[in-house]
Peer 1: 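Mind having a look at this structure? Questions to follow.
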Amino acid sequence: MNRLRAWVEDFGRMILFGGETLAWVFRPPFRPELILAQMAAIGVGSVFIVGTTGFFTGMVFALQVTYAMGQFGAEGYVGGSVGLALSRELAPVLTALMVIGRSGSAITTELGTMRVTEQIDAMETMAVNPVQYLAVPRLLAALFMFPALTMLFNSLGYLGGYLMGVFVSNIPPGPFIEHTRTMVETQDITHGLFKAFIFGGVVAVITTYRGYAAEPAAGSRGVGEGTTRAVVMSSIATLVFDYVLTLGSVGK
């Protein structure tokens, strides 16, 4: 019972932290240089891992779909199937999970270390709001970069699927591209990008809060535990929000 109460209280504090962060987005002073630095850390730093994951995911998915479609002599639909799966589900979800593992854990570790070493307390002493200075740039950077990285995943994933389908499975390039054009609509891509935008906000709030709320008395052990909790919570939240957003879009 005590553990449940502690969990509810911690969850409530995280929601309040997210609300406070969002409120500070619209209040000066604005610090674009911090936002750009976080965009580089979250976005540019994740290009390789997201691009590689997207390319090989596209190849593997195309191979599996080719085998399934081959049972019915419908290999020409592989391109459209790959495009739909990537744009609506695989790209936003797998991109979020990759960024959580790379950048989300780094955010929690960095802020947790700052809390343990009393750097965040020093900011408050100097009349610098730590939520605005630390959390807002990471939130805005995540909101911008998650959709951008998802588009990168989409592009390289489709390239991998095309190479696998056309050059390995010998599917004619014409039907491959034509069925992609007719099956994948603009709203499929925008739906995936909207998911990525939501995932970015959720992941940013969870990872910054877990570092910001690190217990100084726990030292480096507390920072490590906070990082682990941040990765687990962010991953689960991504899958839960993916289900909710997909459920809301069914039939539209």
Peer 1: Provide the closest heavy-atom pair for S103 versus S46 in the form atom of the first, atom of the second, distance.
Peer 2: OG-OG, 3.3 Å

Peer 1: Indicate, with yes or no, if V65 and F167 share a hydrophobic cluster defined by side-chain heavy-atom contacts under 4.5 Å among Ile, Leu, Val, Met, Phe, Trp and Tyr.
Peer 2: yes

Peer 1: Using a strict threshold of under 4.0 Å (side-chain N to carboxylate O), is an ion pair present between R3 and D10?
Peer 2: no

Peer 1: Got a sec, which residues hit side chain to side chain donor-acceptor pair (under 3.5 Å) with T227, two or more places apart in sequence or on another chain?
Peer 2: T109

Peer 1: To the closest 0.5 Å, what do you measure between CE (M123) and OG1 (T125)?
Peer 2: 11.0 Å

Peer 1: Please report the C-alpha distance between V203 and F146 in whole Å, then the side-chain angles of each, then the deciding distance to 0.1 Å, and finally whether the side-chain contact (heavy atoms from CB on, under 4.5 Å) criterion is met.
Peer 2: CA-CA 10 Å; V203 170; F146 270 58; 4.1 Å; yes

Peer 1: Testing the basics here: between P130 and Y212, what is the closest heavy-atom pair and its distance to 0.1 Å?
Peer 2: CG-OH, 3.5 Å

Peer 1: Who are the side chain to side chain donor-acceptor pair (under 3.5 Å) partners of H191, not counting sequence neighbours?
Peer 2: S249

Peer 1: CE of M126 to CG of D121: how many Å apart, nearest 0.5 Å?
Peer 2: 11.0 Å

Peer 1: Any donor and acceptor pair, going by atom type alone, linking the side chain of T108 with main-chain N or O of G211 inside 3.5 Å?
Peer 2: no

Peer 1: Side chain to side chain donor-acceptor pair (under 3.5 Å) with R5: which residues, sequence neighbours excluded?
Peer 2: E9

Peer 1: Between M59 and L163, is any pair of side-chain heavy atoms under 4.5 Å apart?
Peer 2: no

Peer 1: With hydrophobic residues grouped by side-chain heavy-atom distances under 4.5 Å, do Y209 and V223 end up in a single group?
Peer 2: no

Peer 1: Salt bridge (charged side-chain N to carboxylate O under 4.0 Å, His left out) for R229 and E225? Distances and angles first, verdict last.
Peer 2: CA-CA 6 Å; R229 292 180 68 185; E225 291 176 352; over 6 Å; no

Peer 1: State which residues pass side chain to side chain donor-acceptor pair (under 3.5 Å) with N129; sequence neighbours excluded, sorted by chain then number.
Peer 2: none

Peer 1: Could you tell me the separation between the OG1 atom of T95 and the CD1 atom of I100, rounded to the nearest 0.5 Å?
Peer 2: 10.5 Å

Peer 1: Are V116 and L134 connected, step by step, through hydrophobic side chains (Ile, Leu, Val, Met, Phe, Trp, Tyr) whose heavy atoms are closer than 4.5 Å?
Peer 2: no

Peer 1: From T246 OG1 over to L239 CG, what is the distance, rounded to the nearest 0.5 angstrom?
Peer 2: 10.5 Å

Peer 1: With sequence neighbours excluded, give me every side chain to side chain donor-acceptor pair (under 3.5 Å) pair touching residues 146-169.
Peer 2: Y158-T180

Peer 1: Quick check: closest heavy atoms across S234 and I206, and the distance to 0.1 Å?
Peer 2: OG-CG2, 3.4 Å

Peer 1: As a quick check of understanding, evaluate side-chain contact (heavy atoms from CB on, under 4.5 Å) for Y243 and L247, giving each step before the final call.
Peer 2: CA-CA 6 Å; Y243 171 75; L247 194 64; 3.9 Å; yes

Peer 1: Can you list, pair by pair, the side-chain donor-acceptor contacts under 3.5 Å of residues 11-35, counting residues two or more places apart and other chains?
Peer 2:
| unit_1 | atom_1 | unit_2 | atom_2 | d |
| --- | --- | --- | --- | --- |
| T21 | OG1 | F17 | O | 2.8 |
| R31 | NH1 | Q132 | OE1 | 3.4 |

Peer 1: Where do L86 and F61 land on the side-chain contact (heavy atoms from CB on, under 4.5 Å) test, with the steps shown first?
Peer 2: CA-CA 9 Å; L86 287 173; F61 192 73; 5.8 Å; no

Peer 1: Could you check if a side-chain atom of T238 sits within less than 4.5 angstrom of a side-chain atom of V202, using non-hydrogen atoms only?
Peer 2: no

Peer 1: If I compare all heavy atoms of I42 with all of R138, which pair ends up nearest, and what's the gap?
Peer 2: CD1-O, 4.0 Å

Peer 1: So, for I171 and G76, which heavy atoms are closest and what is the spacing to 0.1 Å?
Peer 2: CG2-CA, 4.4 Å

Peer 1: When rounded to the nearest 0.5 angstrom, what distance separates CE in M151 from OG in S87?
Peer 2: 9.5 Å

Peer 1: Are F56 and Y67 in one and the same hydrophobic cluster, where Ile, Leu, Val, Met, Phe, Trp and Tyr link if side-chain heavy atoms are under 4.5 Å apart?
Peer 2: no

Peer 1: Identify whether I49 and V44 are in the same connected component of the hydrophobic contact network (ILVMFWY, side-chain heavy atoms under 4.5 Å).
Peer 2: no

Peer 1: Applying side-chain contact (heavy atoms from CB on, under 4.5 Å) to R88 and K195, what does each step give before you reach the verdict?
Peer 2: CA-CA 9 Å; R88 293 186 68 90; K195 279 186 175 181; 5.6 Å; no

Peer 1: Measure the CZ-CZ distance between F197 and F144 for me, rounded to the nearest 0.5 Å.
Peer 2: 8.0 Å

Peer 1: Can you give me the closest heavy-atom contact between S81 and M183, atom names plus distance?
Peer 2: N-CE, 3.9 Å

